[in-house]
Amino acid sequence: EPTGRGKPMEKGAKLSSKLLEERRTAIHFIFTSVLSSPPEDEWHGVGGTISKIRRCLNIPKGSRAEVEKVLRDSVATDASKYDPNANKKNCGRNAEVLPKTEQARILTNALGSGIGIGQGAVLVNLWRAQENVRLGNDMYQPVSWSSVQRFCSRSDVIAISKRETKKSGTDDEESTWAKARLAQCEQFKEQLS
């Protein structure tokens with residue numbers, strides 16, 4: 001679809017935050033330096049500024065709004081002071097479980113004893129329900145598995161990794177099973193030859 005030099009991204013592929021920052025910087029550069037900041041009435045439509053930038057940088061059609069946002073930000077700021085991350089700072093949802101709180105202590109102790117993220121979320125939700133009863137309000141809403149997982153991924157104290165599987169059986173080449181398996185494989189090999 002795009003006719004830029006690189007190959008188009010696969011549908012549904014996500015860019016890293018570093019690549020998104022570089023993309024916004026490139027959009028700003030092309031808009032201000034290459035195209036000399038054309039007026040807004042020239043941005044839209046076939047052959048408009050947004051289409052030219054999209055084609056040049058191999059940006060998919062679905063990202064038109066992102067390109068337009070960068071153009072608006074570029075017009076609103078001095079070209080030399082443009083910050084591609086200006087509107088990205090402090091964005092996103094507020095953390096449900098904050099470090100150095102009772103909830104963080106509960107999670108740290110639970111996960112440290114071998115309990116998984118799902119059960120850790122259950123324990124935090126039990127504490128939250130008890131606090132709501134004690135305080136007589138609904139200040140604390142239940143947390144989701146992803147909230148607990150996000151807290152764990154950002155924590156300096158908790159290190160989560162997958163348990164390695166231990167294969168059953170034996171490595172003994174002289175076992176009855178190993179001898180039978182070897183004979184079976186040799187028979188298959190002979191049949192295929």
Side-chain angles (χ1 to χ4, degrees), residues 1-104 107-108 111 116-118 120-121 124-125 128 138-162:
E1 187 285 313
T3 58
R5 288 190 196 136
K7 291 190 331 190
M9 285 184 55
E10 291 182 25
K11 190 171 187 171
K14 300 275 184 187
L15 293 176
S16 70
S17 59
K18 180 71 175 155
L19 284 175
L20 285 171
E21 177 185 341
E22 290 172 356
R23 177 193 270 185
R24 288 189 295 269
T25 303
I27 292 168
H28 170 74
F29 174 79
I30 291 171
F31 176 69
T32 57
S33 300
V34 176
L35 300 174
S36 302
S37 303
E40 189 172 346
D41 60 350
E42 296 178 17
W43 291 1
H44 303 283
V46 179
T49 305
I50 294 173
S51 294
K52 288 177 184 175
I53 292 173
R54 273 191 38 253
R55 272 195 310 275
C56 181
L57 296 177
N58 206 16
I59 298 173
K61 277 185 182 178
S63 300
R64 189 193 68 74
E66 178 192 349
V67 175
E68 185 172 347
K69 179 157 183 14
V70 173
L71 300 186
R72 291 191 188 288
D73 292 344
S74 297
V75 168
T77 61
D78 181 20
S80 62
K81 295 179 181 174
Y82 176 74
D83 180 8
N85 291 322
N87 294 327
K88 301 294 179 190
K89 294 174 182 163
N90 299 322
C91 66
R93 196 169 173 190
N94 289 335
E96 292 282 334
V97 180
L98 300 172
K100 299 179 182 176
T101 62
E102 183 63 20
Q103 297 170 77
L107 276 176
T108 304
L111 295 170
I117 291 175
V124 170
N125 286 333
R128 286 174 160 238
D138 287 336
M139 181 176 153
Y140 294 108
Q141 298 299 314
V143 296
S144 63
W145 180 92
S146 60
S147 296
V148 174
Q149 194 243 3
R150 185 170 40 254
F151 168 78
C152 294
S153 68
R154 294 179 179 175
S155 173
D156 296 331
V157 179
I158 301 171
I160 293 187
S161 61
K162 288 195 172 197

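No hydrogens, no waters, no symmetry mates; every other heavy atom, side chains included, goes into these values.
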Q: Do you know the tightest heavy-atom contact between P60 and R54?
A: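 Closest pair (atom of P60, atom of R54, distance): O-NE, 3.4 Å.
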
Q: For the residue pair N125 and P142, what are the closest heavy atoms and their distance?
A: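 That closest heavy-atom pairing would be OD1-CA, 3.2 Å.
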
Q: Between NZ of K52 and CD1 of I50, what distance do you get to the nearest 0.5 Å?
A: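 One finds 12.0 Å between NZ of K52 and CD1 of I50.
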
Q: Looking only at heavy atoms, what is the nearest atom pair of E40 and H44, with distance?
A: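 Smallest interatomic distance, heavy atoms only, reads O-CD2, 4.2 Å.
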
Q: Which distance, rounded to the nearest 0.5 Å, do you find between the CG of L111 and the CD1 of I117?
A: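 Interatomic distance, L111 CG to I117 CD1, rounded to 0.5 Å: 6.5 Å.
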
Q: Do R24 and K69 touch side chain to side chain, with heavy atoms closer than 4.5 Å?
A: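 No, every pair of side-chain atoms sits at 4.5 Å or beyond.
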
Q: So, does T101 use its side chain to make a donor-acceptor pair with the main chain of A104 at under 3.5 Å?
A: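 Yes; at least one donor-acceptor contact below 3.5 Å.
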
Q: Return the minimal non-hydrogen interatomic distance between S51 and V46, and the atom names on each side.
A: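 Between these two residues, the closest heavy atoms are OG-CA, 4.3 Å.
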
Q: Going by side chain to side chain donor-acceptor pair (under 3.5 Å), H28 matches just one of S33, S37, S74. Which one?
A: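 Going through the options one by one, the only one that passes is S74.
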
Q: Just verifying a value: how many Å separate I53 CD1 and N58 CG, rounded to the nearest 0.5 Å?
A: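 If I round to the nearest 0.5 Å, the distance is 14.0 Å.
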
Q: Residues in side-chain contact (heavy atoms from CB on, under 4.5 Å) with P38, at least two apart?
A: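 In terms of side-chain contact (heavy atoms from CB on, under 4.5 Å), with neighbours along the sequence ignored, P38 is linked to F31, L35, E42, T49.
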
Q: Could you tell me which non-hydrogen atom of S144 sits nearest to which non-hydrogen atom of A121, and how far apart they are?
A: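 Looks like O-CB, 4.4 Å.
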
Q: Could you tell me the separation between the CG atom of L107 and the CD atom of Q149, rounded to the nearest 0.5 Å?
A: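 Here the rounded value is 12.0 Å.
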
Q: How long is the span from the OG1 atom in T108 to the NZ atom in K100, to the nearest 0.5 Å?
A: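 Reported to 0.5 Å precision, the distance equals 12.0 Å.
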
Q: Quick one: are F151 and V143 in side-chain contact, heavy atoms under 4.5 Å?
A: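 They are not in side-chain contact.
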
Q: With rounding to the nearest 0.5 Å, note down the distance linking CD1 in I27 to SG in C56.
A: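 That separation rounds to 10.5 Å.
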
Q: Are side-chain N/O atoms of R128 and Q103 paired as donor and acceptor at under 3.5 Å?
A: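 Their side chains do contain a donor-acceptor pair, which is all the 3.5 Å distance test asks for.
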
Q: Are the side chains of W43 and R64 in contact, using a 4.5 Å heavy-atom criterion?
A: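 Result no, sub-4.5 Å side-chain heavy-atom pair not found.
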
